2 protein chains.
Amino acid sequence: MQRPRTTIGDVARTAGVSVATVSKVINGRYGVAAATSQRVQRVIDDLGYESSLVARSLRSLRTNVIGILVAEFEPYSTELLKGVSSAVQGTGYELLAYSGGGRAGGHAGWERRYLSRLSGTLIDGAILVTPTVVDAEYGIPVVAIDPHTGPSGFPTVDADNFSGALSATEHLIALGHTRIGHLAGRADLESSRLREAGYRTALERAGLDVDPELIRVGGYRSDDAEQPARELLTLSRRPSAIFAANDLSAIRTMEVAGELGLSVPGDVSVVGFDNVPESALAQPPLTTVNQPMQAMGRAALGLLIDLLDGKERDAHVQLPTELVVRGSTRRLRL
Amino acid sequence: MQRPRTTIGDVARTAGVSVATVSKVINGRYGVAAATSQRVQRVIDDLGYESSLVARSLRSLRTNVIGILVAEFEPYSTELLKGVSSAVQGTGYELLAYSGGGRAGGHAGWERRYLSRLSGTLIDGAILVTPTVVDAEYGIPVVAIDPHTGPSGFPTVDADNFSGALSATEHLIALGHTRIGHLAGRADLESSRLREAGYRTALERAGLDVDPELIRVGGYRSDDAEQPARELLTLSRRPSAIFAANDLSAIRTMEVAGELGLSVPGDVSVVGFDNVPESALAQPPLTTVNQPMQAMGRAALGLLIDLLDGKERDAHVQLPTELVVRGSTRRLRL
DNA sequence: CTGTTAGCGCTTTCAA
DNA sequence: TTGAAAGCGCTAACAG
């Protein structure tokens, strides 16, 4: 099976020239006779030769490949990916999305590891999705989307998490809910903190108490949300509404409610955050806060390309969020 | 900015040993004194060293990285990606999704180019999404999802396109439609041909004529679908229903209908294919044929890993499709 | 205009 | 148990 791939050496031998000459032809360098160039080109076509990204990148400084590093391919990161992909068209760059399997994403600092692995340089620059540690120096230009620490002195794209959480909670309050639970995100993420802050602020503005018992950590991942969702829904004084820190945990919350024989939105209203496509598919369709993920991906790519071109750009881009009311919330019946 | 990354040489120098020794420690080879090993390990941790995938792959045959090659990150390929990503957890493999920017996906044979670039070996095996040319020998184990030519003597995963198209068209016929247009996919794709065959068969079984004027090529991409959709909808004897070969072109068809002042499903019913999450978000929600994309991704990964482990597996996996009725189709009013 | 040479960071014999 | 040296495929000086 493992027929070794054709190398530049094979091409050189077949064409009767040196590898250096072939390299020049491939890269369009000056100093090759037209006739030679054509002959080499023919051999390249005949053999179906394509230069190895690996070998090339070991030697040269540019590969025209942009990396996008994610902990896992889930709805959020894939939406970003769609945005980046649409924006990369015509820029001359190719895209390489990298994700460790398994729990790598769980370890803080996964982005450092991945970057180290790919650097050197398989990629010219990288987009980090939800990195936990935003270290100072990475060796290559880097843009972060929704980083752990929030904007911290280097290029960042995020959404207005605070306002989004505020309007989500205000929506529930406007519907007459007063006992509103919150399924928080990962404690180490700035976005998570901002969403909780929006929740608290909305309650306070409405003159409602913030009951610590109603706040649980769901951790953004569906699996991790199950247990805390169950706790909230089996409280003796059960909340009549829950604001989950992202759609995945909101959807899981609705599933748990179903298992407990509770109807959404009949017995409990649920609001999510992100507006991933899956939220509209849920039963009932999830009321959520839209985060313009594809636009964020495009913005990140724009920042990164400017960086690669040596143009310094405004270090921080924040895009607006917006409440999307669907079927998982309803007015509280007294 | 470009602080060069720490290399194995840096580690060796700091630890006062040779690079060879460091390499052995990293790879857990025998023949290193425990004390030395510990000292080297400490330096590695201190320096935050991570070996370069690039350099390593140039030398050794395994990288434990699986490639997934796509023409573009759009809803279909990202759904597959989610499936592959969930299945890769715990296998010890990492994932590298690669996509050329721009029109690379348009050129037939893009998968060959990408594979050549990544081979040699950045990746141990690859999953090819909708490859156009399924060449015999690629040098590394390869599994194709929904290939151009259909199952052709090497491992393939696809969905039951014919049955899906059949039930989509039968659904329209059952609703009383008799003039049913078809917006076909890319002419070079087997899946596209099968969907058209399902459409034709359903019409024939119902004793309806297949009017060639009602069949246009939409090409699976949203942009490419606009013109043919417009043509169908402005025909003097306009069809009362359209079966589009995938969701993206179905959604575009609905948009075009809107621009033309036609209501969906009031004036024209529309059915798609794939059931990408976006289809449920469309206005109105799209009736479509579900293709279990995440399961297909998981199946492809399973096949590939078995191949990598030297286990030969059943070369062809076909998953069932299923009609999902939503709001874009309705009974024809006479 | 073309070829020789020297690495890029790493793994792997093979000697010491 | 360790290290020196070769070489993976390629590019970039530099010589011829």
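What's counted below: heavy atoms across the whole structure, side chains too, no hydrogens, waters or symmetry copies. Note that the coordinates shown come from a computational prediction; the quantities given were computed from them, not determined experimentally. Naming: A, B, ... by sequence-line order, numbering from 1 per chain.
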**Request:** Could you check whether A:T7 gets within reach of a base, just the sugar-phosphate, or nothing at all, counting any heavy atom under 4.0 Å?
**Result:** sugar-phosphate
**OP1 or OP2 of D:dC10 under 4.0 Å from side-chain N/O of A:S23** = no
**Proximal nucleotide (of D:dG3, C:dT2, C:dC8) relative to the A:L58 side chain** = C:dC8
**Message:** For A:R117, is there an ion pair with B:E94 - N to carboxylate O distance below 4.0 angstrom?
**Reply:** yes
**Complete:** Ranking D:dT11, C:dG9, C:dT2 by distance to the side chain of A:N27, first place goes to D:dT11
**Item:** Value in whole Å for how far the C1' atom of D:dA15 lies from NZ of A:K24
**Value:** 11 Å
**Fill in**
Testing D:dG3, C:dC1, C:dT12 for proximity to the side chain of A:T36, the answer is C:dC1
**Request:** Please determine, for the side chain of A:S52, which listed nucleotide (C:dT11, D:dC10, C:dG9) has the closest atom?
**Result:** D:dC10
**Asked** Atom CZ of B:R29 to atom P of C:dT11: distance rounded to whole Å?
**Response** 8 Å
**Nearest-neighbour nucleotide for the B:S51 side chain, C:dT4, D:dT11, C:dC10 considered** = C:dC10
**Request:** Return the value, rounded to whole Å, for the distance between atom CD of A:E50 and atom C1' of D:dC10.
**Result:** 14 Å
**Request:** Give the nucleotide from the list C:dC10, C:dT12, D:dG3 with an atom nearest to the side chain of B:A55.
**Result:** C:dC10
**Item:** Atom-pair distance (CZ on A:R39; P on C:dC1), nearest Å
**Value:** 14 Å
**Fill in**
Ranking D:dG3, D:dT1, C:dT12 by distance to the side chain of B:A33, first place goes to D:dT1
**Prompt:** Between B:E72 and B:R221, is there a side-chain N and carboxylate O pair less than 4.0 Å apart?
**Reply:** yes
**Prompt:** For B:Y30, which contact category applies under a 4.0 Å heavy-atom criterion: base, sugar-phosphate, or nothing?
**Reply:** nothing
**Message:** If I take atom CD1 in residue B:I26 and atom C1' in nucleotide C:dT11, what distance separates them, rounded to the nearest angstrom?
**Reply:** 10 Å
**Message:** Once you apply a heavy-atom cut-off of 4.0 Å, does B:A20 come out as touching a base, just sugar-phosphate, or nothing?
**Reply:** base
**Request:** Round to the nearest Å and state the distance from B:D10 atom CG to C:dC10 atom C1'.
**Result:** 13 Å
**Message:** Could you tell me how far apart B:N64 (CG) and C:dT11 (P) are, to the nearest whole angstrom?
**Reply:** 13 Å
**B:L96 side, atom CG; A:S99 side, atom OG - distance, nearest 0.5 Å** = 10.0 Å
**Message:** Please determine whether a side-chain nitrogen of the Lys or Arg among A:R42 and A:D45 lies less than 4.0 Å from a carboxylate oxygen of the Asp or Glu.
**Reply:** no
**Message:** Could you check whether any side-chain heavy atom of A:Y114 comes within less than 4.5 Å of a side-chain heavy atom of A:V70, counting everything from C-beta outward?
**Reply:** no
**d(CD1, A:I8; P, C:dG3) in whole Å** = 12 Å
